[in-house]
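Both backbone and side-chain heavy atoms feed into the values below; hydrogens, waters and symmetry mates do not. Residue numbers begin at 1 in each chain, while the letters A, B, ... track the order of the sequences.
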Amino acid sequence: MQTSNLIIALLVMSALAYFFGYQRSRGFARQLGGVSNLHSLPTYYGMRVALWCGLPSVLLLFVCLAFEETIISKMLLSGIPDEIRPTSIAEYNLLMNKIENLASGALSSEGVKPALLDAAAALGYLRDMSQRLLTGLAMLVAGGGGFWGWWRMSAQLRARQQVEKIFKGFLLLCASLAIFTTLGILLSVIFESVRFFQQVPISEFLFGLEWSPQTAIRPDQVGGSGSFGAVPLFLGTMLISFIAMTVAVPAGLMSAIYLAEYAGSKVRSFVKPALEILAGVPTVVYGYFAALTVAPLIRDTGTSMGLSVTSESALAAGLVMGIMIIPFISSLADDVINAVPQTMRDGSLALGATHSETIKQVIIPAALPGIVGGVLLAVSRAIGETMIVVMAAGLAANLTVNPLDTVTTVTVQIVTLLVGDQEFDSAKTLSAFALGLMLFLVTLGLNYIALRVVKKYREQYE
Amino acid sequence: MSKSSKPNATTERIRQTLAKRYRAEKRFRLYGVVAILFGLLCVATLFVDIIGKGHGAFRQTYIQLSVDYDADILGISDINDAQQLALADFSGLVKKSLRTRFSDVSGRKDKRQLYRLVSNSAEYDLTDRLKTAPALLGQSEKRWVLADDDIDTYFKSLNSSDGAFVGRTSEKQQQWVQSLIDAGQIELRFNSQFFSNGDSREPEQAGIGGAIVGSLFTLFITLALSFPIGVAAAVYLEEFAPKNRWTDFIEVNINNLAAVPSIIFGLLGLAIFINFFHVPRSVPVIGGLVLAVMTLPTIIISSRAAIKAVPPSIREAGIGIGASPVQVVLHHVLPLALPGMLTGTIIGMAQALGETAPLLMIGMVAFIVDVPGGFTDPATVLPVQIFLWADSPERAFVEKTSAAIMVLLAFLITMNTFAVILRKRLERRW
Amino acid sequence: MSALTMNLTATASEENSFDSAPEQTVVEDTVGFPLVDDPKIRARNASVFYGDKQAIFNIDLDIGKHEVIAMIGPSGCGKSTFLRTINRMNDTVDGCRVSGEFLLEEDNIYGSKMDVVELRARVGMVFQKPNPFPKSIFDNVAYGPKIHGLAGSRVELDEIVENSLKRAGLWAEVKDRLQQPGTGLSGGQQQRLCIARAISISPEVILMDEPCSALDPIATARIEELIAELAENYTIVIVTHSMQQAARVSHRTAYFHLGKLVEVNETEKVFTTPEHKLTEAYITGRFG
Ligand SMILES: Nc1ncnc2c1ncn2[C@@H]1O[C@H](COP(=O)(O)OP(=O)(O)O)[C@@H](O)[C@H]1O
Ligand SMILES: [Mg+2]
């Protein structure tokens, strides 16, 4: 049976189980003289039996499905003679693809090694077998579980508590997904990064000044190994983020201050949503805007002033990224400024301070931890921003801090290395994961500090 | 006005500082105004720029040809023979019509330029036409066919203030266009193909239909996964979670994940979902999975806020009539918190709809012509389509890209407006 | 007596009916002596509105030089609102409107020649809840002199800070930790810090809005002593909820009721033989 049909069958079985459980509890109720003499409502008895039927079988199904492919390919590989046994992951993928295509008939069997033909036949057979096995097993578990649940029923059974316990367990599982996600991210980047660092020493990656991951196709070509010094990427990322922050921090902060402290409610009700539009614009749109409008504008302006500006300048990407971050900073700053108690303002104003003196010398210092937290979050965003830099910054890993030059960033390289063909055994592809690891650790650190600072700040004025 | 009293020494000193301080005050206010104007200017520029570039794409240039469905040219003897129809030379038909219209054109080079006036989709159009109206065989009719993208760009730019954009069109082609204009045989028509077609290498045939359907499939998966899981997680954290390390750890993780760069989720999708669990690439399922993981924190955070906003008296009343905590949550708290949760979910979905970076890594950048028909068909999504087109060298794609952005923004603005309305409703209730 | 109480509860529950039917109120004119010769502050026909709602009704009141005047009355009767008219802190409230004549000596407080910065430097204020800035103790006190440019040099500034802290009776407690944050002090110390901050720019008048309501009895006693000392140099207007406090520190006491000034008299007279029935009802604790 196909997996989708099997799932439907299991659902039907669970529904039946519900019905039988329900009926049986009604039977108990009749003997005892009414539903009120049961421990729980009949629906709970029904649900309990349905869970006994559905839960173990579906769990089993998913576990088996998750490992089915891996096991089948292991079995196939063991049957393949040594001379065509793959030595690298790329070869392995190629081989598996070939067998797959042979099995599905997409590849004609003419002139193919008999060992492969055998493997293709075996693949079909194994798939078929596993499908049958799975169907039988799942049905058996569903039936057995359902019967067990049904058989163990009694009027005193705490059916509702049991059902609710499972329900809460499900909720806990959902909540814990956040942890599993973090774990998954860590595992996925660390695993491949470790393999990368086996090929390229970590010191070269962290401190090397040259980045050219283009490994040669054939090993005998020159520059076959590529160089993986990530400093130009780090510097490029920092340069663009710095430009972005020099735009976003003053503009975001000043507009937040103006809106919170000076603007009347009419101005506020118009300007705030208008600025928030900037926050809702997808980054790919900013990237397009940067590449097609801002970058040529900057280049032409620069050229007319006699400067040499590349058409993929760090300035264009940084500027547009800054525009993207303005509403982020402004809304965070607005929050923290509004959290400063009114008595603080009054204290300063009553001393004869002007409004701007009050803001500069009392409100901003009071709100500073919150503002710093917000800026840190914004920096983490700038570092992790991808589309703007992919579209408007270049690929050239120049070691420069000249904003009119082309630089590349960590995210640009991750995308470039992973879009298209990936070879999970070459340093080139793996280096993307090492960059990902760096990115994750840095942004995680920034976020963690920022969130703590902001939280502390909020508590201070609670 | 009463006479001023004689100021004391302190007042005297303060008065001396006043002018300077008020100047500083004015300057500070000015900075604020400038900052706001800068922000508003950015919004305006962005929109004006994109609409200015993109509005043209909603109309496409068509050329009127008088087509003679000549059986000899087509090589069809029996109109009902599908095989013959499939092999018929409709391209020859188009060429013939063009040669008839511009009968003075001779020479291989000129002819080739002439044929390039119309899109190569013209022959498919005529094929479909003859299939639906077989009686036309041997007859002739006037038919509007799609112009080539270079001609389209040139024709549209004819009336622009910065002068005509010649691009790759030759002088001859420009003369032919002029002659078509004089004869009223070239015009702009509403570009419905833009909304129905998939991607194409030919800009005039490229549409966002495939990308929109891909986005819908992907978003459906995202919603189906992240909404129930997000709500369940929020309910657990707000209503049942004991105060312990594990709960704290979950919270820290959720807050941090909300701020993790989206590209990292692409790495997760590639390494875990594709390489480990063997989910196929380039399909809405994998895109939806990755986006669901990405939007989950947003949905959890806003759902928690919505649950928090339900007054405790409701819970107390429920417990008071003997309901179990689970029943109270399911029957009383959730229905009241639902609008708030939906608001957060819509905002999360809008985020997912606009997301590009993680999808690049899981193969959703593929060039896909067909409109996907299911969750496991190769697909791309709207923002990725924009990214792909933005990279294309053809001038006509600039217009298409901007128009696709307009459509994407329209979706996002609608979703966000909806969320705002929902939230307003909600606020009114308490 | 019972008729009066009933009348009172009726008016109290219909606060808003004043606009429509002012003749219903028991208060017509202020009794006692609200006016003095050569006053420091003169308010005539003072009214304050929050939007459409009137909070203060046509008050006439003089405050003498170096006088301590206490303002008492049930909460919401407009004491703070009246107080904040004197240093124009009501300007900072959206929709708040003030009418009437207010003079600080000969200067019109709301006149176009009056600069609000200068006014607030001349009329200091201490708030109900201590509100030190998130700065060091030193910087809290130095804030006023610095923004107003009152100290020519660092030495002068040190001097001003030391003097202010001494006059606020805080110097001995904090002189060794001037660089520590002001928010780290105890509530009573914080309030004295705020008083030091207010006197650091040598105001002529100090407004105090329930300065002790957030403090314990010992800290309160300390502040009350301080007020008595300060009275030698400053005119002090103090709003208080505690009648004992009013009795201890003030020369005259003004009783407010629902935005009207009911009675102003020598403090001792107000607390022993009040002229107005409402005052009597309040001080004998029948409402408040
Ligand atoms: N900012 C404000 N906006 C609107 N009404 C206010 C505001 N501040 C005070 N009020 C109203 O004015 C009246 C007097 O308040 P207030 O002066 O604070 O009284 P008191 O200090 O005597 O307790 C009250 O009815 C109060 O509700
Ligand atoms: Mg008050």
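Proximity of A:F67 to B:F277: side-chain heavy atoms (C-beta onward) are nowhere separated by under 4.5 Å. The shortest side-chain heavy-atom distance between B:L270 and A:F433 falls under the 4.5 Å cut-off. Taking the side chain as every heavy atom from C-beta outward, A:V284 and B:E355 never approach each other to under 4.5 Å. A:R160 places a side-chain heavy atom less than 4.5 Å from the side chain of B:Q327. Side-chain contact check for A:S356 versus B:R29: every heavy-atom pair is 4.5 Å or farther apart. B:F265 has its side chain within reach of A:I185: a pair of non-hydrogen atoms, C-beta onward, lies under 4.5 Å apart. Contact annotation: the side chain of A:S176 never approaches that of B:Y236 to less than 4.5 Å [non-hydrogen atoms, C-beta and beyond]. Looking at B:L412 and A:P282, their side chains come closer than 4.5 Å, going by heavy atoms from C-beta outward.
Interface check for chain B: of the options A:F440, A:Y286, A:Y258, A:Y448, the most heavy-atom pairs under 4.5 Å are formed by A:Y258. Taking chain A as the reference chain and counting heavy-atom pairs below 4.5 Å, the highest number among B:G32, B:G266, B:A234, B:A404 is found for B:G32. For the set B:W389, B:F38, B:F47, the count of heavy-atom pairs under 4.5 angstrom toward chain A peaks at B:F38. When each of B:Y22, B:W246, B:Y31 is checked for heavy-atom pairs under 4.5 Å with chain A, B:W246 comes out on top. For the set A:S255, A:G252, A:G384, the entry with the most heavy-atom pairs within less than 4.5 Å of chain B is A:S255. When the candidates B:L46, B:V235, B:L237 are compared by the number of heavy-atom contacts under 4.5 Å with chain A, B:L46 comes out ahead. Residue with the most contacts toward chain A among B:I347, B:V260, B:L296: B:V260 (heavy-atom pairs, distance under 4.5 Å). Note on B:I272, B:T45, B:L409, B:L267: by heavy-atom pairs under 4.5 Å with chain A, the leading option is B:L267. For the set A:V281, A:L377, A:I326, the entry with the most heavy-atom pairs within less than 4.5 Å of chain B is A:V281.
The contact between A:V390 and chain B is made entirely by side chain atoms (from C-beta outward), counting heavy-atom distances below 4.5 Å. Neither the backbone nor the side chain of B:L353 comes within contact range of chain A; no heavy atom of the residue lies under 4.5 Å from a heavy atom of that chain. Proximity to chain B is limited to the side chain of A:L177, based on heavy atoms less than 4.5 angstrom apart. For chain A, no part of B:I274 is nearby; none of its heavy atoms comes within less than 4.5 Å. Interface remark: B:V33 contributes backbone and side-chain atoms alike to the contact with chain A (heavy atom separation under 4.5 Å). Only the side chain of B:F240 comes within contact range of chain A, with heavy atoms under 4.5 Å apart. For a residue to count as touching a neighbouring chain, one of its non-hydrogen atoms must lie under 4.5 Å from one of that chain's; by this rule A:I359 touches chain B with the side chain only. In this structure, the portion of A:I277 lying under 4.5 Å from any heavy atom of chain B is its side chain and not its backbone. Neither the backbone nor the side chain of B:R27 comes within less than 4.5 Å of any heavy atom of chain A. For chain A, the nearby part of B:D49 is the side chain; its heavy atoms alone come within less than 4.5 Å. With a 4.5 angstrom heavy-atom cutoff, A:I257 touches chain B only via side-chain atoms. Heavy atoms of B:N275 lying under 4.5 Å from chain A belong exclusively to its side chain. For chain B, the nearby part of A:F170 is the side chain; its heavy atoms alone come within less than 4.5 Å. Neither the backbone nor the side chain of B:K26 comes within less than 4.5 Å of any heavy atom in chain A. Residue contact with chain A, scored on non-hydrogen atoms closer than 4.5 Å, involves the backbone and the side chain of B:I36 alike. Contacts between B:L257 and chain A at a heavy-atom distance below 4.5 Å involve the side chain alone, from C-beta outward. With a 4.5 angstrom heavy-atom cutoff, A:R452 does not touch chain B via any of its atoms. No part of B:A350 comes within reach of chain A, as not one of its non-hydrogen atoms sits under 4.5 angstrom from that chain. Both the backbone and the side chain of A:I179 come within contact range of chain B, judged by heavy atoms closer than 4.5 Å. Looking at B:F387, both its backbone and its side chain come within 4.5 Å of chain A, counting heavy atoms on both sides. Of the two parts of A:A274, the backbone and the side chain both hold a non-hydrogen atom closer than 4.5 Å to a non-hydrogen atom of chain B. Interface remark: B:I413 contributes no atoms to any contact with chain A (heavy atom separation under 4.5 Å). Only the side chain of A:T443 comes within less than 4.5 Å of a heavy atom in chain B; its backbone stays farther off. For B:Q351, no part lies near chain A; criterion is any non-hydrogen pair under 4.5 Å.
Contacts between residues 358-367 of chain B and chain A, counted as heavy-atom pairs separated by less than 4.5 Å, involve B:L360, B:M361, B:V365. Of all residues in residues 161-168 of chain A, those placing a non-hydrogen atom less than 4.5 angstrom from a non-hydrogen atom of chain B are A:E164, A:F167, A:K168.
Annotation: the span from A:E357 atom CD to B:F28 atom CZ amounts to 11.0 Å, rounded to 0.5 Å. Within the model, atoms CZ of A:F270 and CG of B:L40 stand 6.0 Å from one another, a figure rounded to the nearest 0.5 Å. Atom CE of A:M391 sits about 8.0 Å away from atom OG1 of B:T356, to the nearest 0.5 Å. One finds the CG atom of A:L292 at 7.5 Å from the OG atom of B:S402 (value rounded to the nearest 0.5 Å). Within the model, atoms OG of A:S188 and CZ of B:F276 stand 11.5 Å from one another, a figure rounded to the nearest 0.5 Å. Expressed to the nearest 0.5 Å, how far CG of B:N256 lies from OG1 of A:T181 amounts to 12.5 Å.
Of the residues listed (B:L268, B:I250, B:N253, B:V252), the one engaging A:T182 in a side-chain contact (heavy atoms from CB on, under 4.5 Å) is B:N253, and it is the only one.
In this structure a side-chain-to-backbone donor-acceptor pair under 3.5 Å is present from A:Y288 to B:V398. For the pair B:E25 (side chain) and A:H355 (backbone), a donor-acceptor distance under 3.5 Å is present.
Minimum heavy-atom separation, B:G39 to A:L278: O-CD1, 4.0 Å. Here the closest heavy-atom approach between residue A:A175 and residue B:A233 is recorded as CA-CB, 3.5 Å. B:R21 and A:G352 get closest at one heavy-atom pair: NH2-O, 3.1 Å. Nearest heavy atom pair, residue A:A178 against residue B:I254, reads CB-CG1, 3.4 Å.
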